[in-house]
Undergrad: 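My questions will all concern the structure given below.
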Amino acid sequence: MNELDPIFKPRSIAVVGASRTPGAIGHTVVKNILDSGYRGKVYPVNPKADEILGLKCYKSVLEIPDEVDLAVITVPARICPAVIEECGKKGVKGAAVIASGFSEVGKEGAELERKIVEIARSYGMRILGPNIVGIMNNPLKCNASFGPYLPYPGKIAMISQSGALVIAMDARTYVDKVGMSHLISIGNMADLDFSDLIEYFAGDEDTTCISLYVEGIKDGRKFIETCRKVISTRPIVALKAGVSERGAVAAASHTGSLAGSAKIYRAAFRQAGVVWAYNLNDLFNRSLALSLQPPMKGDNLLVITNGGGVGVLATDAAERYGVPLKDAPEELKAEMRKAMPEFGSPKNPVDLTGMAGAEWYRSSVEAALRHEWVDGLVVLYCETAMTDPVEIAKAIYEAKQAAGVNKPVTVSFVGGEAALKGGEWLQTHGIPFYRSPDEAVSAIAALREYGRYVETLREGAFTPFTDVDREKVREILEGARTDGRKALLEPEAKEVFRAYGIRVPPGKMATTEDEAVRIAEEVGYPVVLKIVSPQIIHKSDAGGVKVDLRTADEVREKFREIMENARRYDPNADLKGVYVQHMAPWGTETIIGTVRDPQFGPTIMFGLGGIFVEVLKDVTFRVAPVSPDEALEMTAEINGADILRGARGEKPKDVKAIAETIARLSQLVTDFPEIKECDANPVIVYEDGLSVVDARIILS
Ligand code: ADP
Ligand code: MG
């Protein structure tokens, strides 16, 4: 038996706070459980009542003569600790705490919340909530909530952090005939969180897709690990609310100001293998497809239509959702030509023309699904005066049966009542139906996204580099801390990078002109001089950087100039000296940086440098650590990826070297939690290799 079975497969339920007053939550919950057809035992608990809705009422759970699996608690928050205590004594193993007035209202509530969890733990009881609508459970025909009825039956387990949305989505399931096994309100997640429920529903035989409405995740690492573990058995799709940028939180580093929770959630979901939903409609659409259809196992998507317009819309959508249409091979085109008039088009999208009736749909759909090139199929139909949508629907279904292959199909019928009827017929036969080509394509793109995750997440594990010097890094970090400094000096930051095998130009700090010249000769001309001072973070702003120095005289002159500039810039600054380093040749400027996210811990960013990062914010994130393979994906997914591939006759840049640097830096910030933020900016990339010419590390 699973630890959560008492909550999701209860044989008996006590409603604590049951009420005789119609309209009260404690009344509605009892009534809903009875009305929905639950066949287990129901025990209302209320010290002031003898009978509720024809059921004997108990003064306390302790008086109930039988075992109780689940307690649904509707009493006010302040009474909850006492009730949970009694449930514990009774041996109840699961509680759904509907009551609100906990951490969502402030400090006192948070204390109550902490208390009920503590009591529950001491009895080995798990808590769903508090502050929830309840649990809607279709397989058990049990509506243990104050929502009006069970959702339209199906295979999606939907878990929502918003209670209001639970009730709204419940009603919505009937409009679109999107079927759910469970609709669950997760509330404050005082005990059970998304990860716990995901793990449970991945093993639930009545569920084929787990669908999430997420406002915030408490333990990001646990979430990623849990999802990765289960996605080969169940797809997970999520809508993240609140994706506008979190204000730049007093960030001392560049990366800090670019990191918004939105980008990090997007990255984390990708690493977790969670399919992204773009909005609420899309969450329904994608959940439906994932619950009914198999994953799409390759990138070859074919579109069959009876009208050019919807075909073009589908083509646009395919590109937007990451499954761009490709040219079909000649044999497939020849097959398609058999089922269309002379003026039809066998290309992708295949246009059967407005004359296409059920037979043409039947033969083209069957041939397409049978053809090995096709990995997934979107069938579009525009209502016409000559054809019957229900006939077309039946033909599509029968063709899929006849083809006998496990490839995903989504459809869109555009038109009026008749088209809807045809579409709904298909949906009740397991083929998801949408009202627009865009939605049908988004749905199949979700099946491809899922397919990709299943293929790639199996590999992708991070293997730490062993040629790193942790001791060295620890010493440098401790040195800074003893000095009371939060930002490392550039020479220190470079030393740290070097200890992790990250390529930085050779250099040393000089305190006199003579020393500067000596170092310049050692590292080789041309050189760069930079001010070293704990108070000067942005060195160029202080006139503290001089590049391309080629002689000893130049070095002497610029040494003096830098010291003067710095003194003028901040008369109180402690000037440690001047960093003399070999000047790296010109190349493509990129940025690699890290920040610590409150939910996901260390995260790493990559983007093109200079104007691209300042203005276009063309960057991408991952939760650290990342393997070089994963990091390579990052270099391909920024908008300016073509610049790295070698645009306008330039040679391709060494993206492998970038990927290795990202991976090494991600290991550094994972190994040292005291590193709050760091920037390698710029990282100059060449056809062969790269050089990290500026380094910044901020400690927490
Ligand atoms: P800051 O960002 O604090 O102003 P940097 O160390 O980034 O200072 O130096 C400013 C600019 O000088 C860099 O963006 C880079 O273009 C150039 N630069 C700095 N160091 C080197 C180097 N070793 N080789 C080549 N160019 C360099
Ligand atoms: Mg810089």
Side-chain angles (χ1 to χ4, degrees), residues 251-258 485-498 502-510 516 519-550 554-555 558-559 561-563 565-566 568-570 573-595 605-615 617 619 643 653-654 657 661 665 677-698:
S253 76
H254 223 104
T255 312
S257 64
L258 286 164
R485 282 183 286 121
K486 289 223 158 140
L488 296 195
L489 301 169
E490 186 189 339
E492 293 170 331
K494 290 264 176 77
E495 253 339 278
V496 168
F497 280 11
R498 203 175 276 136
I502 295 166
R503 277 172 273 183
V504 298
K508 264 189 205 146
M509 191 174 77
I519 298 168
E521 264 144 33
E522 202 180 300
V523 299
Y525 288 104
V527 296
V528 177
L529 300 194
K530 300 190 213 178
I531 190 69
V532 179
S533 164
Q535 285 78 31
I536 302 176
I537 305 252
H538 297 281
K539 303 173 289 284
S540 304
D541 295 353
V545 179
K546 298 292 168 194
V547 300
D548 202 15
L549 313 182
R550 292 166 181 272
E554 269 188 288
V555 168
K558 297 300 177 189
F559 183 97
E561 215 176 288
I562 284 180
M563 292 302 270
N565 287 348
R568 206 171 317 120
Y569 181 76
D570 181 355
D574 171 18
L575 308 182
K576 302 272 185 200
V578 171
Y579 194 19
V580 183
Q581 53 191 260
H582 180 69
M583 176 153 143
W586 184 84
T588 302
E589 275 190 29
T590 63
I591 174 171
I592 304 174
T594 71
V595 290
M605 179 192 87
F606 169 74
L608 290 176
I611 185 164
F612 291 99
V613 61
E614 306 270 346
V615 181
K617 300 186 170 36
V619 295
I643 292 175
K653 303 296 175 288
D654 193 344
T661 308
L665 198 60
E677 289 168 25
C678 80
D679 262 351
N681 178 29
V683 177
I684 304 182
V685 187
Y686 310 106
E687 283 157 37
D688 187 10
L690 56 74
S691 184
V692 175
V693 305
D694 189 17
R696 187 163 299 155
I697 294 179
I698 316 281

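The analysis underlying the following values was restricted to heavy atoms, covering all of them including side chains, and did not include hydrogens, waters or symmetry mates. One-based numbering, in listed order, for ligands and for the atoms of each. Index from 1, following the sequence.
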Undergrad: Side chain, backbone, both or neither: which part of His538 comes within less than 4.0 Å of ligand 1 when only heavy atoms are counted?
TA: backbone
Undergrad: Taking backbone and side chain together, does Asp694 place any N/O/S atom at a distance below 2.8 Å from the Mg ion (ligand 2)?
TA: yes
Undergrad: Counting each atom of ligand 1 from 1 as listed, which ones have a heavy atom of Met583 under 4.0 Å away?
TA: 24 (N), 25 (C)
Undergrad: Looking only at atom types and distance, does a side-chain atom of Ser691 sit under 3.5 Å from a main-chain N or O of Ile684, one as donor and one as acceptor?
TA: no
Undergrad: What protein heavy atom sits nearest atom 15 (C) of ligand 1, and how far off is it?
TA: Pro682 CG, 3.9 Å
Undergrad: Give a yes or no answer on whether the side chain of Arg696 reaches the backbone of Ile537 with a donor-acceptor pair at less than 3.5 Å.
TA: yes
Undergrad: If every non-hydrogen atom of Ile562 is compared with every non-hydrogen atom of Gly544, which pair is closest and at what distance?
TA: CD1-O, 3.8 Å
Undergrad: Give the atom numbers and elements of ligand 1 that come within less than 4.0 Å of a heavy atom of Pro505.
TA: 23 (N)
Undergrad: Relative to ligand 1, is Ala584 under 4.0 angstrom through side chain, backbone, both or neither, heavy atoms considered?
TA: both
Undergrad: Is ligand 1 under 4.0 Å from a heavy atom in the side chain of Lys530, in the backbone, in both, or in neither?
TA: side chain
Undergrad: Is there a nitrogen or oxygen of Asp694 sitting under 3.5 Å from a nitrogen or oxygen of ligand 1?
TA: yes
Undergrad: For a quick test of reading the model, state the closest non-hydrogen atom pair linking Lys530 to Val693 and the distance between them.
TA: NZ-O, 2.8 Å
Undergrad: Would you say Asp679 and Asp694 make side-chain contact, with heavy atoms under 4.5 Å?
TA: no
Undergrad: Using a strict cut-off of less than 4.0 Å between a Lys/Arg side-chain nitrogen and an Asp/Glu carboxylate oxygen, indicate whether Lys576 and Glu492 qualify as a salt bridge.
TA: no
Undergrad: Can you tell me the protein heavy atom closest to atom 17 (C) of ligand 1 and the distance?
TA: Val547 CG1, 4.1 Å
Undergrad: Under the criterion side chain to side chain contact (heavy atoms under 4.5 Å, CB included), I'd like the reasoning laid out for Val496 against Ile502: C-alpha separation, chi angles, the key distance, then a yes or no.
TA: CA-CA 9 Å; Val496 168; Ile502 295 166; over 6 Å; no
Undergrad: Which protein non-hydrogen atom lies closest to atom 4 (O) of ligand 1, naming both residue and atom, and how far is it?
TA: Ser540 OG, 2.6 Å
Undergrad: Mind checking whether Ile537 has a heavy atom under 4.0 Å from ligand 1?
TA: yes
Undergrad: Considering non-hydrogen atoms only, spot the tightest contact between Val580 and Ala510 and give its length.
TA: CG2-CB, 4.1 Å
Undergrad: What is the closest protein heavy atom to atom 3 (O) of ligand 1, and at what distance does it sit?
TA: Lys539 N, 2.8 Å
Undergrad: May I have the step-by-step check of side chain to side chain contact (heavy atoms under 4.5 Å, CB included) for Lys546 and Asn565, ending in yes or no?
TA: CA-CA 11 Å; Lys546 298 292 168 194; Asn565 287 348; 4.3 Å; yes
Undergrad: What residue and atom, counting heavy atoms only, is the protein's closest point to atom 16 (O) of ligand 1, and at what distance?
TA: Glu589 OE2, 3.9 Å
Undergrad: Between Val523 and His582, which heavy-atom pair has the shortest distance, and what is it?
TA: O-ND1, 3.5 Å
Undergrad: Enumerate the atoms of ligand 1 whose separation from the nearest heavy atom of Arg696 is less than 4.0 angstrom.
TA: 2 (O), 3 (O)
Undergrad: Does atom 11 (C) of ligand 1 have any protein heavy atom closer than 4.0 Å?
TA: no
Undergrad: In the protein, what heavy atom is nearest to atom 21 (C) of ligand 1, and what distance, to one decimal place, separates them?
TA: Val693 CB, 3.5 Å
Undergrad: Run the numbers for me: atoms of ligand 1, each under 4.0 Å from some heavy atom of Val528, listed by number.
TA: 20 (N), 21 (C), 22 (C), 23 (N), 24 (N)
Undergrad: Please list the nearest protein heavy atom to atom 23 (N) of ligand 1 with its residue and the distance rounded to 0.1 Å.
TA: Gln581 OE1, 2.8 Å
Undergrad: Please name the pair of heavy atoms, one in Pro505 and one in Val692, separated by the smallest distance, quoted to 0.1 Å.
TA: CD-O, 3.1 Å
